[in-house]
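Inspection log for the structure reproduced underneath, given as structure tokens.
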Protein chains: 2
Amino acid sequence: MDTSTYINIHNLSRACNECQLQDLCLPLGLSRGDIERLDQIVNRRKPLQRGASLFRQGDRFQALYAVRSGSIKSYATTNSGEEQINAFHLPGEILGLDAIGSGIHPESSVAMETTSICELPFDRLHTLAHEVDGLQRQLLRIMSRELNSDEQFMRLLANRSAEERLASFLLNLASRFELRGYSGQAFNLSMSRSDIGNYLGLAVETVSRLFTRFQQEGLIEVDRKAITLVDRSRMSGLCNLSATASAGEPRHG
Amino acid sequence: MDTSTYINIHNLSRACNECQLQDLCLPLGLSRGDIERLDQIVNRRKPLQRGASLFRQGDRFQALYAVRSGSIKSYATTNSGEEQINAFHLPGEILGLDAIGSGIHPESSVAMETTSICELPFDRLHTLAHEVDGLQRQLLRIMSRELNSDEQFMRLLANRSAEERLASFLLNLASRFELRGYSGQAFNLSMSRSDIGNYLGLAVETVSRLFTRFQQEGLIEVDRKAITLVDRSRMSGLCNLSATASAGEPRHG
DNA sequence: CGAGGTCTTGATATAACTCAATTTGAGTGG
DNA sequence: CCACTCAAATTGAGTTATATCAAGACCTCG
């Protein structure tokens, strides 16, 4: 990999030490010294333009990536050519964990807007994790948390109505923005309606109609990509008050 | 934990070294010596009876568990009291990974039949992973693979028909049985129809009707819990030939 | 042998999809 | 700066897959 692909403008080259995302990202819980060691293996790459891909499905796994600013979507293409979005990644989030097992990326990742990325070469990271206990732990923690949110998401897809899915999605985004110090009250969607539909397992038209309805009901205000959550508590209500539970009774079976 | 809960009948006390599940489980890729070290921290517990729980949602996370024989289902209960099954675990599979992050089990696990389990106290495992490189790697690999299969499952829930879901489910079980040396051609379901429905996001009635239909179409033979896959290739066909893709086009957005 | 749960089957309702048409907006070039 | 183009989003009408409701059959276990 040519070093000319790395640039050094100060906003981008800022070390993990000084990065405001530290508390969300891999360095979390590491000592100052250990963060410095981690920092030494991190490559800070030239920002990706909208639509540019970070890696493609089938690529050999070499590094994990952390989003520094901007946003990324990950999707897989089935053999019949359909694409399914698996995740939207915000600053501080790690990509590529699902490739560790097989050594091959099972999905593609593209920037949804101008996005800068930190690259974490995995073999070096792995070696370092061997020496730095907190790093090993943090890697496991991050993966575990991801398993968790996948499970939650599976539950959402398995038995929630379109309304509940979209409401949950918006609230989830809101809280993630807030964690990062942005407003969860008002924000811009970096993804299209069709991306949202694809991600939530809904038709575009359904998403569009729901936005309209949520607005009519005074839950949100929508202007194109700009969303304002007007009545967040009522919206939370939508996520729990699910339809008459048809679920079986997991006791034994 | 009282040592009287551990028993020593040879089938159960057989060390990792001699365990036929070695190649599916945590020891995979470890040297003989390292397996012995792992073995020393493993507790082999008294088998769980059908319906008995291994841990409950909200319990403090202390150990990972490997299924030795039998099967386990994991489910979470929402605040509105509904239960959602997240996974069925077969021999050689690890449970509890989703609790590492928070230190609390986000789901409950119960035996679907008489089941024996190996307990892997996490702090000891973590310490050992520090010394045994292959173990660290294997832990990450296992979690990564799980992320992967979760993603696949999300895709299934997000845009597949009931037919495709059930077909995929049966084929998935079949290949997992085969990995373990059992027949993938003919096997017994340890879970109820309602568990299957819950897991796949379908009503029990739909599952039942599909079993009937699959049988009528000569794809499978069903007798209560006993399933025989008659035409596996045609069944695989069902999983790809999805309905007219309504998916958006993830390019940028 | 009876009771209670599980499974199946049928009839009906409905949420969400599909298809189709229109509107809106963003980007481009004259 | 305006007209034009193309993609994205919205809106409407009609269809359909699957849920829901209801009833009966079948096991399993005590």
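The figures that follow rest on heavy atoms only: side chains count, while hydrogens, waters and symmetry mates do not. Residue numbers start from 1 in every chain, and the chains themselves are labelled A, B, ... in the order their sequence lines are given, proteins ahead of strands.
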Sugar-phosphate only, base, or nothing, as touched by A:Gly197 at under 4.0 Å among non-hydrogen atoms: nothing
N/O-N/O pairs, protein side and nucleotides 10-16 of chain D side, under 3.5 Å:
unit_1: D:dT10; atom_1: OP1; unit_2: A:Arg193; atom_2: NH2; d: 3.3
unit_1: D:dT10; atom_1: OP2; unit_2: A:Arg193; atom_2: NE; d: 2.9
unit_1: D:dT10; atom_1: OP2; unit_2: A:Ser208; atom_2: OG; d: 2.8
unit_1: D:dT10; atom_1: O5'; unit_2: A:Ser208; atom_2: OG; d: 2.9
unit_1: D:dT11; atom_1: OP2; unit_2: A:Thr212; atom_2: OG1; d: 2.8
unit_1: D:dG12; atom_1: N7; unit_2: A:Arg209; atom_2: NH1; d: 2.8
unit_1: D:dG12; atom_1: O6; unit_2: A:Arg209; atom_2: NH2; d: 3.3

field: side chain to side chain donor-acceptor pair (under 3.5 Å) involving B:Arg176 - partner list, sequence neighbours excluded
entry: B:Glu93, B:Asn172
- line: Separation of D:dA8 atom C1' from A:Met112 atom CE, nearest Å, is 16 Å
query: Which whole-number value in Å describes the distance from B:Leu200 CG to D:dA19 P?
result: 10 Å
- prompt: Mind checking what makes ring pair (Phe, Tyr, Trp, His ring centres under 6.0 Å) contact with B:Phe153, not counting sequence neighbours?
  reply: B:Tyr199
- prompt: Listed by chain and number, what are the side-chain contact (heavy atoms from CB on, under 4.5 Å) partners of A:Gln152, not counting sequence neighbours?
  reply: A:Asn148, A:Arg155
Contacts of type side-chain contact (heavy atoms from CB on, under 4.5 Å), residue B:Asn188, not counting sequence neighbours: B:Lys225, B:Ala226
query: Between D:dT18 atom P and A:Asn159 atom CG, what is the distance in whole Å?
result: 16 Å
task: Please name the pair of heavy atoms, one in B:Ile196 and one in B:Met191, separated by the smallest distance, quoted to 0.1 Å.
output: CG1-CG, 3.5 Å
query: Got a sec: does the CZ of B:Arg234 have more than 12 other heavy atoms crowding it under 6.0 Å?
result: yes
query: Whole-Å distance between D:dA8 C1' and A:Leu189 CG?
result: 14 Å
query: Closer than 4.0 Å, any side-chain N/O of B:Lys225 to the OP1 or OP2 of C:dC7?
result: yes
Distance in angstrom units between B:Leu157 CG and D:dT18 C1', rounded: 15 Å
- prompt: Excluding sequence neighbours, so at least two apart, what forms ring pair (Phe, Tyr, Trp, His ring centres under 6.0 Å) with B:Phe61?
  reply: B:His105, B:Phe122
Side-chain donor/acceptor pairs under 3.5 Å, residues 202-211 of chain B, sequence neighbours excluded:
none

- prompt: What is the distance from CG of A:Leu210 to C1' of C:dA16, rounded to the nearest Å?
  reply: 10 Å
- prompt: Angle, rounded to 10°, between the helical axes spanning five pairs at each terminus of the helix from C:dC1-D:dG30 to C:dG30-D:dC1?
  reply: 40°
query: Starting at CG of B:Asn198 and ending at C1' of D:dA19, how long is that distance when rounded to a whole Å?
result: 14 Å
field: Which residues share a side-chain contact (heavy atoms from CB on, under 4.5 Å) with B:Ala52, sequence neighbours left out
entry: B:Leu48
task: Round to the nearest Å and state the distance from A:Arg50 atom CZ to C:dG27 atom P.
output: 8 Å
